[in-house]
Amino acid sequence: MLETTMDSEILIDFLKSQPAPVPFGAENENIEWSSFWSFLKSGTDLRLIDEEKFNGQSGLSKYLTVLSSGRGEAKVKYSPKFNWPYKNILPKDTYPGSVFCLNQENEQTRLQLTNRNGLLFGFMDNFKHQWKKLSISGNSHLTFHIRKDQNGERFLKKWQDLSPYMLPFTDLIISDRYINDKNVRDHNLLDLLILLDKQTPVSYNLLIITQKGDCNFLDEFEQYLNNKIREHKLKAKLGIVLTRKEHDRCILMNYLKIESGDSFNYFLANGNIITNGTEMKLFPLCFQENFFDVQMKLNAFKDIIDKEKEDVRGNISNRLFEYCND
């Protein structure tokens, strides 16, 4: 599951902001507040930071008791301080599913933390907004409809429609058997990579898992992607794995899973929809059921990599495999 580091001042601010229950308080505010409380209570390993025991805030001890009990597999621990990283760059071994809620007022420090790491940071004035982004406003999944005759309020007309729901990341896995089909590659994969690259400020591990082709397939695919990475100045460190084994079609990032239905072959060069699929779904990993599903997929991908020694090219290191079962 994800790991959250939170300054006690932010926890106190959050607890004090609990809305009046319905019907005296707004229903949407209650749902939002409760979703974050549930996440802190049992949806994340939680590390609370405070020099003193929460500065003697009255009434807080009962919340700490509740936070400490009934957590299931989620852990909670307390630390006297947050060890600020050198030049505000987190250590390379920082868990890729880390979330930070820090009481930091210095704007330059905040910007450096945000711009020098591919992880999610919230501060006193925006941690609730960051939770809304992380949880897609408390939804366990979000659906984009593809065809205009489908009922729904959200339609995917171009890859850029995903942009408001993307988060920073350090690692990216794309799995699709037919990702090197010319139209998929030129008018879908490339546009998607350009979109995703804009969402993170740091270089990242990009692993693509796809099916085997002819004897020149791997060389040609690697050359094509490396050329596009250089041409568009993408920050990706590329790795490719070929397999004959069936594997799920999806995109995995630090905080999000995207399921694309029948294909990533969504659009033609002119932007017209080509897919036979009807919807695309986004699953935030702050919900345990989504995280455990990704964990199973990563276990399967790791098994593929371990067995496909000859059909591997480039950088196959990917920190998302830290989510796997031991």
Side-chain angles (χ1 to χ4, degrees), residues 1-11 13-14 36 39-40 43-51 74-135 165-173 196-207 233-239 251-257 284-286 291 294-295 298 315-324 326:
M1 64 182 65
L2 302 185
E3 294 181 358
T4 302
T5 297
M6 174 176 277
D7 276 326
S8 61
E9 292 89 349
I10 290 185
L11 176 62
D13 182 81
F14 169 66
F36 191 37
F39 174 71
L40 297 176
T44 181
D45 287 338
L46 180 63
R47 181 164 69 112
L48 293 172
I49 309 296
D50 201 323
E51 294 182 6
K75 304 176 182 66
V76 61
K77 61 182 179 181
Y78 308 93
S79 299
K81 65 177 182 178
F82 177 71
N83 293 322
W84 286 96
Y86 179 64
K87 294 185 177 180
N88 293 315
I89 300 174
L90 294 167
K92 291 183 179 180
D93 61 353
T94 301
Y95 183 60
S98 296
V99 178
F100 298 89
C101 295
L102 303 176
N103 185 30
Q104 175 56 248
E105 295 182 358
N106 185 283
E107 188 64 28
Q108 183 178 4
T109 300
R110 290 166 53 149
L111 286 173
Q112 288 178 352
L113 285 169
T114 302
N115 294 333
R116 295 178 179 180
N117 303 279
L119 298 173
L120 187 63
F121 291 87
F123 304 100
M124 185 65 78
D125 59 350
N126 72 348
F127 73 91
K128 291 179 183 177
H129 173 74
Q130 294 296 76
W131 166 249
K132 287 180 69 173
K133 291 195 67 176
L134 175 64
S135 67
Y165 304 95
M166 297 297 100
L167 292 166
F169 57 89
T170 61
D171 294 77
L172 172 63
I173 297 176
L196 293 175
D197 191 88
K198 293 177 181 178
Q199 312 306 314
T200 192
V202 298
S203 63
Y204 54 92
N205 299 311
L206 167 62
L207 178 62
K233 296 181 172 59
L234 305 183
K235 301 181 289 294
K237 294 179 285 186
L238 175 67
I251 300 172
L252 306 180
M253 292 170 279
N254 297 50
Y255 307 109
L256 188 68
K257 174 187 70 168
L285 302 193
C286 57
F291 186 93
V294 165
Q295 193 175 59
L298 287 167
N315 167 47
I316 61 170
S317 298
N318 200 283
R319 294 166 63 192
L320 296 184
F321 290 118
E322 293 182 33
Y323 294 168
C324 290
D326 295 333

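- Enclosure of atom NZ in Lys132 is not indicated, since only 12 or fewer non-hydrogen atoms of other residues, nucleotides or ligands lie within 6.0 angstrom.
- Note that the CG atom of Leu285 and the OG atom of Ser135 stand 12.0 Å from one another [nearest 0.5 Å].
- Taking 4.5 Å as the limit, every side-chain heavy atom of Thr44 sits out of range of all side-chain heavy atoms of Val99.
- Side chain of Asn117 to main chain of Asn88: a donor-acceptor pair is present (N/O by atom type, distance under 3.5 Å, no hydrogens or angles).
- Side-chain contact between Leu134 and Leu167 is present, with at least one heavy-atom pair separated by less than 4.5 Å.
- Distance check, rounded to the nearest 0.5 Å: CG of Asn106 to CG of Leu113 gives 9.5 Å.
- A distance of 9.5 Å separates OG1 of Thr94 from CD of Glu322, quoted to the nearest 0.5 Å.
- The aromatic rings of Phe39 and Phe36 sit parallel, their planes meeting at an angle under 30°, below the 60° perpendicular limit.
- For Gln108, the CD atom is loosely surrounded, since the number of other residues' heavy atoms within 6.0 Å does not exceed 12.
- Shown here for Asn315 and Lys237, the closest heavy-atom pair between the two residues is ND2-O, 3.1 Å.
- Within 6.0 Å of atom NZ in Lys75, 12 or fewer heavy atoms from other residues, nucleotides or ligands are found, so the atom counts as exposed in its surroundings.
- Separating the OH atom in Tyr323 from the CD atom in Gln295 is a distance of 10.5 Å, to the nearest 0.5 Å.
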Evaluate the criterion side chain to side chain contact (heavy atoms under 4.5 Å, CB included) for residue pair Cys101 and Trp131; output intermediate values, then yes/no. CA-CA 10 Å; Cys101 295; Trp131 166 249; over 6 Å; no
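- Between Gly122 and Ile10, the shortest heavy-atom distance links the atoms O-CD1, 4.4 Å.
- The side-chain contact (heavy atoms from CB on, under 4.5 Å) test with Asn205 is passed by exactly one of Thr170, Asn318, Leu320: Asn318.
- Nearest heavy atoms, Thr114 versus Pro201: O-CG, 3.4 Å.
- Side-chain contact between Asp45 and Met1 is present, with heavy atoms from C-beta onward closer than 4.5 Å.
- Annotation: side chain of Phe82 is not in contact with side chain of Gln104 (no heavy-atom distance under 4.5 Å).
- The structure places OG1 of Thr200 at 9.5 Å from CG of Asp171, a figure rounded to the nearest 0.5 Å.
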List the steps and the verdict of side chain to side chain contact (heavy atoms under 4.5 Å, CB included) for Leu40 and Met6. CA-CA 10 Å; Leu40 297 176; Met6 174 176 277; 3.9 Å; yes
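- Within the structure, salt bridge (Lys or Arg N to Asp or Glu O under 4.0 Å) contacts touching residues 111-131 (residues at least two apart or in different chains) are Arg110-Asp125.
- For the salt bridge (Lys or Arg N to Asp or Glu O under 4.0 Å) test, no residue two or more places apart in sequence or in another chain qualifies with Asp7.
- Taking CZ of Phe123 as the reference point, atom CG of Asn103 lies at 10.0 Å (rounded to 0.5 Å).
- Shortest non-hydrogen contact noted between Leu102 and Trp84 is CD1-CH2, 3.9 Å.
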Quick one: do Tyr204 and Asn254 satisfy side chain to side chain contact (heavy atoms under 4.5 Å, CB included)? Show the steps, please. CA-CA 11 Å; Tyr204 54 92; Asn254 297 50; over 6 Å; no
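- Contact of the Leu196 side chain with the Met253 side chain is registered, since non-hydrogen atoms from C-beta on lie closer than 4.5 Å.
- With a 4.5 Å cut-off on side-chain heavy atoms, Ser8 and Leu48 do not count as touching.
- Contacts of Phe121 classified as ring-ring contact (aromatic ring centres under 6.0 Å, His included), with partners at least two apart in sequence or in another chain: Phe100.
- Between Leu256 and Phe169 there is no side-chain heavy-atom pair separated by less than 4.5 Å.
- The shortest non-hydrogen separation linking Lys81 to Arg47 is O-NH1, 4.1 Å.
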